[in-house]
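Quantities reported herein were computed from a predicted structural model and do not represent experimental measurements. Read the numbers this way: they start at 1 and go in the same order the structure lists the ligands and their atoms.
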Amino acid sequence: MAGNRTFTMIKPSAMATGHAGDILAMMEKAGFRLIAMRLVHLSRHQAGIFYAEHSAKGFYEELTRFMSSGPIIAAILEKDNAVAEFRKLIGATDPAKADPGTVRSLYGKSITENAVHGSDADSTAEREGAFFFSQLDRV
Ligand code: CMP
């Protein structure tokens, strides 16, 4: 059975352009309830740990530099079938390929600066939420 929680981050570019409130409103209007939320400026080290699964990829350096370039909002969200429903709301990873009206289509600038992160599976949501809400200040 699909789980009812997912994890998200509003990325530095969307924070810097003043769209955090618009994006949170889209999440709430789509029926997601906020379970936990924090505003944090990640260190490069913390961003590297969060995205460790991508450490061998060519985009890892750019991604971790960007994700530590300014504050982000991290949140745990609740809704039935949360992971899949949230991925529909945010659209494809590349904003240029995201459906019109999705968060990334509206507020993403590039594949790196794609406005928001959304977990890709229930197990990832659990791990990513735990990273931000119980481990972050110890790494
Ligand atoms: P996110 O959902 O945060 O998960 C991994 C991130 O890597 C992704 O969004 C993108 O911002 C970033 N990224 C950069 N380049 C690529 C790429 N070529 N393919 C997938 N993700 C990429």
Would you call the rings of Phe50 and Phe132 parallel, tilted or perpendicular, taking 30° and 60° as the class edges? perpendicular
Residue pairs, two or more places apart or on separate chains, that pass ring-ring contact (aromatic ring centres under 6.0 Å, His included) and touch residues 12-37: His19-Tyr107, Phe32-Phe86
Start with the C-alpha distance between Lys57 and Leu63, add both sets of side-chain angles, then the distance that settles side chain to side chain contact (heavy atoms under 4.5 Å, CB included), and finish with yes or no. CA-CA 10 Å; Lys57 309 250 178 72; Leu63 178 63; over 6 Å; no
By chain and number, the residues contacting ligand 1 below 4.0 angstrom (heavy atoms only) are Lys11, Tyr51, His54, Phe59, Leu63, Thr93, Arg104, Ile111, Thr112, Asn114, His117
Hey, is Glu62 close enough to Arg65 for a salt bridge, meaning N to O under 4.0 Å? no
With under 30° as parallel and over 60° as perpendicular, where do the rings of Tyr51 and His117 fit, or are they tilted in between? perpendicular
Less than 3.5 Å apart, any donor N or O on the side chain of Arg44 or Ser68 sitting next to an acceptor on the other? no
